[in-house]
Amino acid sequence: MNVKTISIALTVLVVALLATLLMQKSGYVSQATEHYEKTTTKSYKGASQIVEYVNNSIETNKGVWALACEAVQSVKTSQDQARLEAKYFPSTKGSMSIANLTRRFEATGAYYIVSKFSKVEVDKKTEVKSLAGLVSVNVNALVGNPGEEIAEEEEGEEGAEEAVEEAPAPKKAAKPVKAAKGKKGKKGKKR
Amino acid sequence: MDKKKFKILMIVDIVLIIGIFALMMVLKGQYNDQAQKSVNEQVGAYLEQSNGVVQDQWKSVDQYGMAWRLVYATLTNVKTEAAFDAAVKAIEEDKDARFKQLSYMYEAAGIPAQAQNSIYEKAGLADKFLLKNEGGVKEVACGKNCVITFTFAKGKLKSSDYKALAGYNMAENFKLEAPAAFHFE
């Protein structure tokens with residue numbers, strides 16, 4: 001009786017062990033799959049994000065470069081530039097500084113150009129002022145030197161104010177910095 | 001069954017239990033090694049693929065940035081072949097300016113400096129810019145699958161064709177595939 005019970009119990013144990021043996025591999029497979037998925041998903045998310053963000057950023061950068069390159073070839077007045085801006089960025093408008101003879105187009109905080117003109121023109125009928133005689137298009141912000149562009153603008157503004165003040169009186173007040181801050185940047189409005 | 005047969009069954013069971021147990025121990029080690037090897041191989045292959053896309057894109061953006069500088073220079077002041085060749089050389093050799101422009105674009109895209117440096121350490125900068133220079137026709141790389149052409153006649157600029165750059169779709173050229181399902185081999 002005793003031998004019978006033990007042998008039956010052992011047979012059951014053999015069956016159980018065989019079942020465990022067969023399931024052993026799937027345990028390792030699921031563990032390995034979990035580790036693989038965790039690692040590759042992390043890499044996929046990180047790399048896809050970089051690729052996507054750069055693709056999007058380049059799309060804007062490309063538009064501003066194309067605008068700058070077309071501007072140096074065809075723009076004569078600030079209205080011409082406004083038309084080009086509308087062509088490349090229909091929802092963003094540039095800003096004009098009559099005092100500095102510049103028109104600044106800012107697609108994003110990082111990507112912008114500043115066009116310098118040589119004179120101000122006034123429409124006789126409407127008395128609306130515009131800029132004419134494109135001198136240059138500053139693309140420093142597109143080549144990674146936005147600071148240089150700002151310094152240049154400040155110098156330009158100081159120069160302009162000095163020229164204005166030269167004739168009436170020899171007062172060279174310490175205004176320029178303030179004026180420069182007021183007129184510069186941040187006008188590339190996004191509608 | 002009589003007692004004798006149960007005894008035989010018991011002995012067979014004991015032998016089987018010992019055998020199966022030993023087999024389990026052997027397979028455990030084998031499966032473990034196999035799983036680690038498979039995971040390492042497949043994870044490594046995917047990381048190589050995903051990092052490869054990021055690094056290729058980095059080098060493409062470098063070419064793209066250089067190409068725009070060249071186009072702009074050509075439109076504004078470079079009008080002769082000699083000046084063009086000098087501009088190509090100057091742009092390509094000024095690696096600090098290239099990195100600065102590249103890094104600025106990545107920063108604008110929201111990619112932190114640390115990530116940029118790790119891409120740069122592996123990828124470096126693009127090693128090709130001027131692709132072809134024959135009979136006054138110059139082909140310049142402006143990214144993956146992007147080529148712009150400048151034509152000179154008698155040493156003077158005849159035409160600049162940068163349509164490929166102005167219409168370059170980087171998203172079409174850089175896409176990352178999702179990882180494939182894991183195979184236990």
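Below, chains carry the letters A, B, ... as their sequence lines are ordered, and counting in each starts from 1.
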A.B. asks: First locate atom CG of A:L10, then atom CD1 of B:I17, and finally report the distance between them rounded to the nearest 0.5 Å.
C.D. replies: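 Rounded to the nearest 0.5 Å, the CG-CD1 separation comes out at 4.5 Å.
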A.B. asks: Are B:F21 and A:V15 grouped together when hydrophobic residues (ILVMFWY) are joined by side-chain heavy atoms under 4.5 angstrom apart?
C.D. replies: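 Different clusters.
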A.B. asks: Using a 4.5 angstrom heavy-atom cutoff, name the option from B:I20, B:V54, B:I14 with the most pairs to chain A.
C.D. replies: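 The option with the most such pairs is B:I20.
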A.B. asks: Is there a side chain to side chain contact (heavy atoms under 4.5 Å, CB included) between A:H35 and B:F182? Walk through the geometry before answering.
C.D. replies: CA-CA 10 Å; A:H35 179 70; B:F182 178 71; over 6 Å; no
A.B. asks: Answer yes if the side chains of A:N55 and B:Q57 hold a donor-acceptor pair under 3.5 Å, and no otherwise.
C.D. replies: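 Side chains of A:N55 and B:Q57: pair found under 3.5 Å.
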A.B. asks: I'd like to verify something: which residue of B:A35, B:A178, B:S50 has the highest number of heavy-atom pairs under 4.5 Å with chain A?
C.D. replies: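 Top count of heavy-atom pairs under 4.5 Å with chain A: B:A178.
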A.B. asks: Which atoms of B:V43 come close to chain A, meaning under 4.5 Å heavy atom to heavy atom: side chain ones, backbone ones, both, or neither?
C.D. replies: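 Both parts, backbone and side chain.
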A.B. asks: For B:Y46 and A:S43, which heavy atoms make the closest approach, and how far apart are they?
C.D. replies: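 The pair with the smallest heavy-atom distance is CE2-OG, 4.0 Å.
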A.B. asks: Take A:Q24 and B:M24 through the side chain to side chain contact (heavy atoms under 4.5 Å, CB included) test and state the conclusion after the steps.
C.D. replies: CA-CA 8 Å; A:Q24 195 180 11; B:M24 277 174 75; 4.0 Å; yes
A.B. asks: Drop me the distance from A:Q31's CD to B:Y31's OH, to the nearest 0.5 angstrom.
C.D. replies: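 Rounded to the nearest 0.5 Å, the CD-OH separation comes out at 14.0 Å.
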A.B. asks: If we define contacts as heavy-atom pairs under 4.5 Å, which of A:S48, A:G27, A:S7 has the most with chain B?
C.D. replies: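 Winner by heavy-atom pair count: A:S7.
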A.B. asks: Of the listed residues (A:C69, A:A47, A:A66), which shares the most heavy-atom pairs with chain B below a 4.5 Å separation?
C.D. replies: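 The option with the most such pairs is A:C69.
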A.B. asks: Using heavy atoms and a sub-4.5 Å threshold, report which of residues 134-141 of chain B line up against chain A, by residue number.
C.D. replies: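 Listed by number: none.
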A.B. asks: Should B:V12 and A:I6 be regarded as members of a common hydrophobic cluster, given that ILVMFWY residues are connected when their side-chain heavy atoms come within less than 4.5 Å of each other, either directly or indirectly?
C.D. replies: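 Per the 4.5 Å side-chain linkage, B:V12 and A:I6 are co-clustered.
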A.B. asks: Look at A:Y28, A:Y53, A:W65 and state which one has the largest set of heavy-atom pairs under 4.5 Å with chain B.
C.D. replies: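 Heavy-atom pair counts peak at A:W65.
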A.B. asks: Nearest 0.5 angstrom please: B:N169 CG to A:I58 CD1, how far?
C.D. replies: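 Rounded to the nearest 0.5 Å, the CG-CD1 separation comes out at 11.5 Å.
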A.B. asks: Please assess B:W68 against A:K62 for the test side chain to side chain contact (heavy atoms under 4.5 Å, CB included), listing each intermediate value before the final yes or no.
C.D. replies: CA-CA 9 Å; B:W68 273 122; A:K62 184 181 74 183; 4.1 Å; yes
A.B. asks: Heavy atoms under 4.5 Å from chain A: which residues of residues 101-111 of chain B carry them?
C.D. replies: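 B:Q101, B:Y104, B:M105, B:Y106, B:A108, B:A109, B:I111 fall under the 4.5 Å cut-off.
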A.B. asks: For the CZ atom of B:F6 and the NZ atom of A:K4, what is their distance to the nearest 0.5 Å?
C.D. replies: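 Result: 5.0 Å between the selected atoms.
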A.B. asks: Do B:I11 and B:L9 share a hydrophobic cluster (ILVMFWY, side-chain heavy atoms under 4.5 Å, transitive)?
C.D. replies: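 No; B:L9 is not reachable from B:I11 via cluster members.
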A.B. asks: Around B:M25, counting heavy atoms of other residues, nucleotides and ligands shown, do more than 12 lie under 6.0 Å from its CE?
C.D. replies: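 Atom CE in B:M25 is packed in, count exceeds 12.
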A.B. asks: Quick one: OH on A:Y36 to NE2 on B:H183, what's the gap to the nearest 0.5 Å?
C.D. replies: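 NE2 of B:H183 is found 7.5 Å from OH of A:Y36.
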A.B. asks: Heavy-atom cut-off 4.5 Å, strictly under: side chain, backbone, both or neither for A:V72 against chain B?
C.D. replies: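 Answer is side chain: those atoms of A:V72 sit under 4.5 Å from chain B.
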A.B. asks: Give me the contact list for residues 70-81 of chain B versus chain A, heavy atoms only, anything under 4.5 Å, ordered by residue number.
C.D. replies: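 When heavy atoms of chain A are the reference, residues 70-81 of chain B contributes B:V71, B:Y72, B:L75, B:T76 within the under-4.5 Å range.
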A.B. asks: Please identify, among A:A32, A:S136, A:G46, the residue contributing the most non-hydrogen atom pairs under 4.5 Å to chain B.
C.D. replies: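 The candidate making the most pairs under 4.5 Å is A:A32.
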A.B. asks: With rounding to the nearest 0.5 angstrom, report the OG to CE distance, A:S57 to B:M170.
C.D. replies: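 Spacing of OG (A:S57) from CE (B:M170) equals 10.0 Å.
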A.B. asks: Relative to chain A, which segment of B:E177 carries a heavy atom at a distance below 4.5 Å: side chain, backbone, both, or neither?
C.D. replies: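 When you check distances to chain A, only backbone atoms of B:E177 fall under 4.5 Å.
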A.B. asks: Please flag which part of A:N56 lies under 4.5 Å from any non-hydrogen atom of chain B: side chain, backbone, both or neither.
C.D. replies: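 A:N56 has no heavy atom closer than 4.5 Å to chain B.
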A.B. asks: In the structure I gave you, are the side-chain heavy atoms of A:N145 and B:K100 within less than 4.5 Å of one another anywhere?
C.D. replies: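 Yes. Closest side-chain heavy atoms under 4.5 Å.
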A.B. asks: Given the options B:Y64, B:Y168, B:F174, which has more heavy-atom pairs under 4.5 Å with chain A than any of the others?
C.D. replies: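 The residue among B:Y64, B:Y168, B:F174 with the greatest pair count is B:Y64.
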A.B. asks: Looking at chain B, which one of A:T39, A:I8, A:N61, A:T20 has the largest number of heavy-atom pairs inside 4.5 Å, strictly under?
C.D. replies: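 Winner by heavy-atom pair count: A:N61.
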A.B. asks: Begin with the C-alpha distance, continue with both residues' side-chain angles, and end with the deciding distance and a verdict on side chain to side chain contact (heavy atoms under 4.5 Å, CB included) for A:L13 and B:D13.
C.D. replies: CA-CA 8 Å; A:L13 186 61; B:D13 280 346; over 6 Å; no
A.B. asks: Answer with side chain, backbone, both or neither: which region of B:L165 has an atom nearer than 4.5 Å to a non-hydrogen atom of chain A?
C.D. replies: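 B:L165 touches chain A through backbone heavy atoms alone.
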A.B. asks: I need the contact set between residues 150-161 of chain B and chain A: heavy-atom distance under 4.5 Å, sorted by residue number.
C.D. replies: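 So far as heavy atoms go, nothing in residues 150-161 of chain B approaches chain A to under 4.5 Å.
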A.B. asks: Which atoms of A:E59 are under 4.5 Å from chain B, going by heavy atoms: the side chain, the backbone, both sets, or neither?
C.D. replies: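 Only the side chain of A:E59 comes within 4.5 Å of chain B.
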A.B. asks: Under 4.5 Å between side-chain heavy atoms, hopping through other hydrophobics if needed: is there a path connecting A:V14 to B:I18?
C.D. replies: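 Linked, A:V14 and B:I18 end up in one cluster.
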A.B. asks: Could you tell me whether B:Q114 atom CD has more than 12 heavy atoms of other residues or ligands within 6.0 Å of it?
C.D. replies: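 No.
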A.B. asks: Counting heavy-atom pairs closer than 4.5 Å to chain B, which one of A:V54, A:T41, A:T60 comes out on top?
C.D. replies: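 Among the listed options, the one with the most contacts to chain B is A:V54.
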A.B. asks: Of the backbone (N, CA, C, O) and the side chain (C-beta and beyond), which part of B:N40 lies under 4.5 Å from a heavy atom of chain A, both, or neither?
C.D. replies: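 No part of it gets close to chain A.
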A.B. asks: Do B:I148 and B:L130 land in one hydrophobic cluster if side-chain heavy atoms of ILVMFWY residues count as linked below 4.5 Å?
C.D. replies: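 Linked, B:I148 and B:L130 end up in one cluster.
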A.B. asks: Top residue by heavy-atom pair count (under 4.5 Å) with chain A, among B:K7, B:R98, B:Q49, B:R69?
C.D. replies: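 The answer is B:R69.
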